[in-house]
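Read through the structure below, which is laid out as structure tokens, and then see the notes.
Note that the coordinates shown come from a computational prediction; the quantities given were computed from them, not determined experimentally. Residue numbers start from 1 in every chain, and the chains themselves are labelled A, B, ... in the order their sequence lines are given, proteins ahead of strands. Values below: every heavy atom of this structure, side chains too, minus hydrogens, waters and symmetry copies.
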2 protein chains.
Amino acid sequence: MATRLDELPGRRCSIAGALDVVGDRWALLIVREVSLGAHRFSEILRGTGAPRERLTARLNALVGAGVLERREYSQNPPRADYHLTRSGLDLLPVLQALMQWGDRHVADTPPVELHHHGHRIAASWVCDVCGERIGRETERHVPDHSEPGHGPLPR
Amino acid sequence: MATRLDELPGRRCSIAGALDVVGDRWALLIVREVSLGAHRFSEILRGTGAPRERLTARLNALVGAGVLERREYSQNPPRADYHLTRSGLDLLPVLQALMQWGDRHVADTPPVELHHHGHRIAASWVCDVCGERIGRETERHVPDHSEPGHGPLPR
DNA sequence: ACTGGTTGGTTCGATATTCGAACCGGGTGC
DNA sequence: GCACCCGGTTCGAATATCGAACCAACCAGT
């Protein structure tokens, strides 16, 4: 895991930064499990299906990245569980977006449902500024880093 | 890449399905590049910073998964470029969510900005059903698969 | 006291993935 | 002819990931 954005290859971009923290096979599944109430090692293990050693490594990395918080709830024997930090909670929209995409383009049936107010959620991105739905027409504005000092696209 | 959701380890879930398609180090960066207008191999190569052979493999996989479409624009010499399919376009909210998280929790400065109607986007998830913003209070409804036949949490 | 089970890991050796760098073949510009 | 671009392949080395076994500490039952 690179600690700084500009240590990553390719375009300097916070998507790359996010993926560097959370873009491996298990990280988001771990966040999903913890958000569903699986706080203990064995619960997360079962929920994700990750190998034990991978789980240990990813849990430590996520704690180090500030996504999870490790709480020792017993010292003898040493026992800990894991909780989402603020940063981890802020990942839930990513999960929601992935789930929506998976529901539409991968899954046979959506097995985990998100509810609020008693109905199933179907969500859209809405711009806070103008209140409009964000769709394909979004203009992507890529700042031109051709002036020296920004080093955007390492060749 | 598993073709069926139930070949994946852990909880049966479309998030896992989505990550199986798009959850590796380069896939979402490739989608980002294509969405930014980088359609040719060399452009995507430079934009992502991926090794050439990885890029070839991921492009093929994404085409196979229906996220990208490969268009031959010349036969002699053989030249192709890559475009987002409907499925690929539907991934943009995932990128948006990741970017927002990266901006807040990883990046120093957000270098790529999304605009529409001339202003920078700040987005929220809004439920299509009731129009309310989706926040942390969302209730997660995990269907109980304890009855036989669903096999939810392989032990 | 002995047995078996649970919990949160670590260790191991085998296998799979990923890497950068070099190469390639067709085509174009000079 | 010669260099260079383009979209890849090929290579061997390095790294990550895997499942399975092991472990230390504790607890509950007998």
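What separates CG of B:Asp81 from C1' of D:dC6 is a distance of 13 Å, to the nearest Å. Regarding B:Glu72, its CD atom lies at a distance of 12 Å from the P atom of D:dG7, rounded to whole Å. What separates CG of A:Leu59 from P of C:dT7 is a distance of 16 Å, to the nearest Å. Residue A:Arg25 contributes atom CZ, which lies 10 Å from atom P of C:dT17 at whole-angstrom precision. Summarising the geometry, the separation between CZ on A:Arg71 and P on C:dT7 is reported as 20 Å, rounded to the nearest angstrom. Across the protein-nucleic acid pair, A:Leu55 atom CG and D:dG19 atom C1' stand 14 Å apart, rounded to whole Å. For the pair B:Glu43 CD and D:dG7 P, the computed distance is 8 Å after rounding to whole Å. To the nearest angstrom, P of C:dG9 lies 11 Å from CG of A:Leu45.
Contact annotation: A:Trp26 reaches the phosphate of D:dC18 (side-chain N/O to OP1 or OP2, under 4.0 Å). For D:dG7, one of the phosphate oxygens OP1 or OP2 lies less than 4.0 angstrom from a side-chain nitrogen or oxygen of B:Arg40. Contact check, B:Tyr73 against D:dG7: a side-chain N or O comes under 4.0 Å of OP1 or OP2. One finds no side-chain N or O of B:Arg46 lying less than 4.0 angstrom from the OP1 or OP2 phosphate oxygen of D:dC5.
Shown here are the side chain to side chain donor-acceptor pair (under 3.5 Å) partners of A:Arg58, two or more places apart in sequence or in another chain: A:Asp24. Remark: B:Glu69 engages B:Arg71 in a salt bridge (charged side-chain N to carboxylate O under 4.0 Å, His left out) (not counting sequence neighbours). A search for side chain to side chain donor-acceptor pair (under 3.5 Å) contacts involving B:Arg52 returns nothing, not counting sequence neighbours. Scored by the side chain to side chain donor-acceptor pair (under 3.5 Å) test, A:Arg79 finds no partners at all (sequence neighbours excluded). With sequence neighbours left out, B:Arg70 forms a side chain to side chain donor-acceptor pair (under 3.5 Å) with B:Tyr82. Under the side chain to side chain contact (heavy atoms under 4.5 Å, CB included) criterion, A:Ser87 pairs with A:Val67, A:Thr85, B:Trp101, B:His105, not counting sequence neighbours.
Applying the ring pair (Phe, Tyr, Trp, His ring centres under 6.0 Å) test to every pair with at least one member in residues 12-35 of chain A, sequence neighbours left out, gives no pairs at all.
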Could you list all N or O pairs between the protein and nucleotides 27-30 of chain C that sit under 3.5 Å apart?
residue : atom : partner : partner atom : Å
C:dG27  : OP1  : B:Asn76 : OD1          : 3.4
C:dG27  : OP1  : B:Asn76 : ND2          : 2.8

Protein-nucleotides 10-12 of chain C N/O pairs under 3.5 Å:
none

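With rounding to the nearest 0.5 Å, the separation of CG in B:Leu8 from OG1 in A:Thr48 is 12.0 Å.
The side chain of B:Tyr82 lies closest to D:dG8, out of D:dG8, C:dC19, D:dC18. Considering only side-chain atoms of A:Ser42, the nucleotide from C:dG8, D:dC18, D:dC6 that sits closest is C:dG8.
A:Arg70 comes within 4.0 angstrom of the backbone, heavy atoms only, and of no base.
When all heavy atoms are compared, the tightest approach of A:Ala18 to B:Leu98 is CB-O, 3.6 Å.
Contact check for B:Gln100 versus A:Pro93: no side-chain heavy atoms found under the 4.5 Å cut-off.
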